[in-house]
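What follows is one structure encoded as structure tokens, with my remarks underneath.
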Amino acid sequence: MNLTRDVGIEQRLNEQVPLDVDFRDEDGKDAKLGDYFGNKPVILALVYHQCPMLCNLSQDGLVSSLRSLSLDAGRDFNVVVVSFDPREGPIDATAKKRIYLKQYG
């Protein structure tokens with residue numbers, strides 16, 4: 001089975017991510033992407049929480065990179081992680097958040 005057969009990339013160079021997109025947060029509450037943008041820069045990570053391949057490696061790499069900075073996530077900038085998979089919900093997001101917050105320290 002070829003899991004990547006139907007995967008594609010659509011480049012949207014020089015376009016802004018729409019901030020009025022509806023999401024559910026890790027508590028299951030409705031939110032808009034723009035709710036997480038304010039006075040601080042934002043790192044937006046698009047992931048699968050229950051990934052069959054390399055997603056955990058990219059999230060591990062993000063945490064490792066953040067730990068090497070002199071700036072602090074949450075204080076100096078925000079990190080917003082959004083799952084691509086509509087089958088993933090608040091339980092998946094909360095579980096991953098706990099893991100990565102622990103790794104971040």
Shortest non-hydrogen separation from [X] to [Y] and the atoms involved:
X: Phe77; Y: Leu71; answer: CE2-CB, 3.9 Å
X: Gly28; Y: Pro90; answer: CA-CG, 3.5 Å
X: Gln59; Y: Tyr48; answer: NE2-O, 3.6 Å
X: Pro18; Y: Leu33; answer: O-CD2, 3.7 Å

Atom [atom1] of [X] and atom [atom2] of [Y]: how far apart are they, to the nearest 0.5 Å?
X: Asp22; Y: Asp35; atom1: CG; atom2: CG; value: 9.5 Å
X: Phe37; Y: Asn78; atom1: CZ; atom2: CG; value: 9.0 Å
X: Lys96; Y: Thr94; atom1: NZ; atom2: OG1; value: 12.5 Å

Do side-chain atoms of [X] reach the backbone of [Y] as a donor and acceptor pair under 3.5 angstrom?
X: Asp72; Y: Arg75; answer: no
X: Tyr104; Y: Ala73; answer: yes
X: Lys32; Y: Leu19; answer: no

Quick check on [X]: does its [atom1] atom have over 12 non-hydrogen neighbours (other residues, nucleotides or ligands) under 6.0 Å away?
X: Arg12; atom1: CZ; result: no
X: Ile43; atom1: CD1; result: yes
X: Leu13; atom1: CG; result: yes

When you group the ILVMFWY residues by side-chain heavy-atom contacts below 4.5 Å and let the links chain together, are Tyr36 and Leu46 in the same group? yes
With hydrophobic residues grouped by side-chain heavy-atom distances under 4.5 Å, do Leu57 and Leu62 end up in a single group? no
Side-chain contact test, heavy atoms from C-beta onward, threshold under 4.5 Å: evaluate it for Asp60 versus Tyr100 and give yes or no. yes
Without placing hydrogens or testing angles, list every side-chain donor-acceptor pair under 3.5 Å for residues 79-89, not counting sequence neighbours.
| from | atom 1 | to | atom 2 | distance (Å) |
| --- | --- | --- | --- | --- |
| Ser83 | OG | Asp85 | N | 3.1 |
| Ser83 | OG | Glu88 | OE1 | 2.3 |
| Asp85 | OD1 | Arg87 | N | 2.8 |
| Asp85 | OD1 | Arg87 | NE | 3.0 |
| Asp85 | OD2 | Arg87 | NE | 3.4 |
| Asp85 | OD2 | Arg87 | NH2 | 2.9 |
| Glu88 | OE1 | His49 | N | 2.8 |
| Glu88 | OE2 | His49 | N | 3.0 |
| Glu88 | OE2 | Gln50 | N | 2.6 |

I'd like to know if Asp30 pairs up with Arg24 as an ion pair, taking the criterion as any Lys NZ or Arg NE/NH1/NH2 lying under 4.0 Å from an Asp or Glu carboxylate oxygen. no
